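As the structure is a computational prediction, the values presented were derived from the model and not from experiment. Heavy-atom basis, side chains included; hydrogens, waters and symmetry copies ignored. Below, chain A is the first sequence line, B the second, and so on; all start at residue 1.
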Protein chains: 2
Amino acid sequence: MDAPVLPPTRRRRGASGITLGDVARLAGVSPITASRALNTPQQVAPETLARVRAAVERTGYVPNRLAGGLASARSRLVAAVVPTIAGPVFMETVESLTAALADSGYQLMLGQSGYADSREDALLEAIIGRRPDGIVLTGIMHSATGRRRLMSSGIPVVETWDLTPTPIDMLVGFSHADAGAAVADYLHARGRRRPAVLSGDDERARRRLQGFTRRLQQLGTVADAADVAVRLVPAPTTLGSGRAGLAALLDLDPAPDAVFCSSDLLALGVLTEAAARGVAVPERIAVIGFGDLAFAGDSHPSLTTVRIDGTGIGRLAARCIVERAEGRSVEGRVFDVGFSVIERASA
Amino acid sequence: MDAPVLPPTRRRRGASGITLGDVARLAGVSPITASRALNTPQQVAPETLARVRAAVERTGYVPNRLAGGLASARSRLVAAVVPTIAGPVFMETVESLTAALADSGYQLMLGQSGYADSREDALLEAIIGRRPDGIVLTGIMHSATGRRRLMSSGIPVVETWDLTPTPIDMLVGFSHADAGAAVADYLHARGRRRPAVLSGDDERARRRLQGFTRRLQQLGTVADAADVAVRLVPAPTTLGSGRAGLAALLDLDPAPDAVFCSSDLLALGVLTEAAARGVAVPERIAVIGFGDLAFAGDSHPSLTTVRIDGTGIGRLAARCIVERAEGRSVEGRVFDVGFSVIERASA
DNA sequence: ATGAAAGCGCTAACAT
DNA sequence: ATGTTAGCGCTTTCAT
């Protein structure tokens with residue numbers, strides 16, 4: 001039998017080599033009609049629709065989104081950048097972001113910036129190269145070069161977990177300085193006069209620390225910022241560094257009567273060390289965490305902390321991107337989701 | 001001046017509309033040469049290379065990987081599926097996977113399967129549609145339909161965190177039954193004769209549980225599987241369910257003298273509840289966790305647990321995918337990374 | 001070492 | 001409601 005005249009090797013097609021054209025042929029329509037049947041079914045006659053769907057079913061066709069994205073300039077891909085996945089802080093946000101995006105037919109690409117700026121450029125290149133419909137920045141950002149690059153890329157950007165004065169584009173976060181101040185108020189109202197801070201050494205934690213000490217000065221708890229005992233530990237914070245941190249703080253004279261920790265994990269370490277030493281919490285020392293992670297309500301004593309709605313942040317970030325991608329305009333570009341101090345037993 | 005004759009609206013190009021063609025023109029070469037300069041520089045004359053690189057620099061060109069992927073049938077995208085991102089268990093694996101892939105020029109796409117099978121089909125469709133060069137399945141898998149679909153997609157698949165008898169393709173994991181048995185041995189050797197299990201209700205934990213009780217029978221610790229007190233808690237496990245779990249186990253008569261927890265978080269909850277009740281660990285009850293999360297060494301008492309090299313799993317999974325994608329063959333398709341019981345103070 | 005032609009699989013822009 | 005045409009931006013194949 002004569003094979004039809006074809007160029008020698010028809011090229012390796014993706015193993016599941018069924019294309020829209022194949023489906024269309026099987027359904028007896030043109031490719032564009034098949035495309036419409038899948039993407040905008042209301043534009044297609046019911047009977048045609050049924051034929052196309054049957055053809056899809058029979059062939060097991062899965063549309064190639066690379067091709068679709070190239071043709072339509074909409075990749076339906078969203079990139080998220082986190083300093084590290086292994087930190088518990090942003091997980092909630094990434095989780096809800098992933099879920100919310102999936103609901104709208106978008107997929108999440110994950111990038112780790114690390115806590116260093118060096119690989120950041122490579123990461124941006126990798127991300128922009130995929131032409132995502134949006135980029136969600138979580139936590140720390142960014143070299144000035146990186147910011148400029150993002151702006152000129154024209155890709156919608158949502159920065160999260162912070163409220164910076166000059167956002168790249170959109171912003172979903174809260175004021176870390178205000179959160180620190182709120183904790184200062186809380187401790188002051190409960191009569192604590194020798195507060196200390198145990199803090200991871202990252203930018204946002206430092207901002208909370210600043211807000212905290214500043215408010216303590218305003219309240220008259222301390223005369224000078226230097227009067228607040230501060231112990232910095234390297235990021236990421238751990239239970240172990242919390243234990244070591246409390247040990248160090250207890251050696252001070254006078255010993256503090258409260259510790260504001262920059263993370264719940266740190267606070268859990270403080271509780272652990274206090275229990276190990278027989279130091280009564282909150283009687284001898286009050287402990288406040290940050291984040292309200294899942295375990296905060298179940299520690300012993302239960303942990304007073306600052307709650308951030310990480311899930312809400314993720315969901316809102318997703319909405320910002322999706323609305324923009326679909327050409328709908330969002331009312332506003334800066335969203336303050338706030339925070340709340342959750343009173344429990346430890347303070 | 002006469003504009004060159006062009007179709008009316010040249011179509012909206014991606015905002016940063018610089019293409020390889022633009023770069024090539026600027027460098028005075030053909031597009032394909034510019035392409036080679038970027039992808040296989042050794043094929044290009046040094047002087048040409050320099051001109052192309054200069055043009056890239058000047059224009060801020062970022063290659064469109066959607067187009068590249070479409071043309072080359074290599075997306076340099078890898079999909080990872082986890083039940084949930086918010087669980088601490090797989091974070092380490094996802095982190096090292098992301099990092100290892102990035103080092104080889106691949107990007108990670110994240111999908112959440114949830115603990116339910118319902119959305120799984122949609123997720124697979126979304127993933128396969130992107131034509132990733134590989135798929136990493138972490139934890140639970142999968143409806144028979146899903147497995148078949150993956151196999152017929154022709155995309156390399158790595159299942160992780162488990163050793164199943166009939167892998168879809170490649171496998172990087174360890175035997176949960178063996179891990180359970182090892183814990184049984186450990187407790188038996190230390191004279192514990194009334195061991196209990198506090199376990200999240202998921203498949204792999206159940207497999208460990210089975211290995212655990214079976215070995216206890218072999219050892220003669222119990223006559224019957226039903227003699228091992230088992231308390232199941234819903235996944236995901238929390239510190240709170242650990243506390244509640246111990247409370248329930250202590251009500252038994254006779255009370256257990258050891259608890260094997262299906263996660264470190266659960267074990268931390270047990271330690272917490274024990275401390276709150278003044279139950280001495282390990283004297284009155286020994287506690288063993290699973291996972292060796294970061295905090296395990298720092299709890300009070302420090303936690304005896306089973307260590308899994310999550311980072312190694314991620315790195316190895318990345319290697320499997322990358323080697324396959326680059327056409328190199330990997331020696332073997334099943335890798336047992338094992339586990340180790342870490343002896344600390346709690347047991 | 002470089003280039004010309006063709007096409008990856010899909011969708012936007014016009015038809016009709 | 002459906003089809004035709006012309007690309008999206010890149011890489012493959014085959015020449016030179």
**Complete:** B:N64 CG to D:dT11 C1', in whole Å, measures 13 Å

**Fill in**
Here the side-chain hydrogen bond (donor to acceptor under 3.5 Å, both in side chains) pairs for residues 90-101 of chain B, sequence neighbours left out, are A:T84-B:E95, B:E92-B:T311, B:T93-B:W161

**Fill in**
In whole angstroms, the gap separating C1' of D:dA6 from CG of A:L70 amounts to 13 Å

**Message:** If you assign B:A67 and B:G28 each to the DNA chain C nucleotide with the nearest heavy atom, which residue ends up on the more 5' nucleotide?
**Reply:** B:G28

**Fill in**
Those residues at least two apart in sequence (or on a different chain) that pass side chain to side chain donor-acceptor pair (under 3.5 Å) with B:E326 are B:R74, B:Y106

**Request:** Take atom CG of B:L20 and atom P of C:dT2, then tell me their distance rounded to the nearest Å.
**Result:** 15 Å

**Message:** Suppose we screen for side chain to side chain donor-acceptor pair (under 3.5 Å). Which residues come up paired with A:S30, at least two apart in sequence or across chains?
**Reply:** A:T33

**Request:** Give the rounded distance in Å between these two atoms: CG of A:L66 and C1' of C:dC8.
**Result:** 10 Å

**Euclidean distance, atom CZ of residue A:R65 to atom P of C:dC8 [Å, nearest integer]** = 20 Å

**Request:** For DNA chain D, find the residues of residues 321-328 of chain A with a heavy-atom distance under 4.0 Å and give them by number; none if there aren't any.
**Result:** none

**Asked** Where along residues 30-45 of chain B does a heavy atom come under 4.0 Å from DNA chain D, residue by residue in number order?
**Response** B:I32, B:S35, B:N39

**Asked** With sequence neighbours excluded, what pairs up with A:R315 under the side chain to side chain donor-acceptor pair (under 3.5 Å) test?
**Response** none

**Prompt:** Do any N or O atoms from the side chain of B:S35 and from the backbone of B:P31 form a donor-acceptor pair under 3.5 angstrom?
**Reply:** no

**Message:** Looking at A:R51 and A:E47, is there a salt bridge between them, counting it only when a charged N and a carboxylate O are closer than 4.0 Å?
**Reply:** yes

**Request:** Using the side chain to side chain contact (heavy atoms under 4.5 Å, CB included) rule, pick out the option among A:V172, A:V334, A:I168 that qualifies with A:E159.
**Result:** A:I168

**Nearest-Å distance for atom pair CZ/P, residues B:R25 and D:dG9** = 12 Å

**Request:** Would you check if A:M170 and A:V157 make a side-chain contact, meaning some heavy-atom pair closer than 4.5 Å?
**Result:** no

**Request:** Using a strict cut-off of less than 4.0 Å between a Lys/Arg side-chain nitrogen and an Asp/Glu carboxylate oxygen, indicate whether A:R324 and A:D133 qualify as a salt bridge.
**Result:** no

**Request:** Specify the separation, in whole Å, of atom CD1 of A:I18 and atom C1' of C:dC10.
**Result:** 16 Å

**Item:** Which nucleotide in D:dG3, C:dG3, D:dC10 has an atom nearest any side-chain atom of B:V29
**Value:** C:dG3

**Asked** A:S72 side chain N/O closer than 4.0 Å to the phosphate oxygens (OP1, OP2) of D:dC8?
**Response** no

**Asked** Roughly, in whole Å, what's the span from CZ in B:R76 to C1' in D:dT11?
**Response** 13 Å

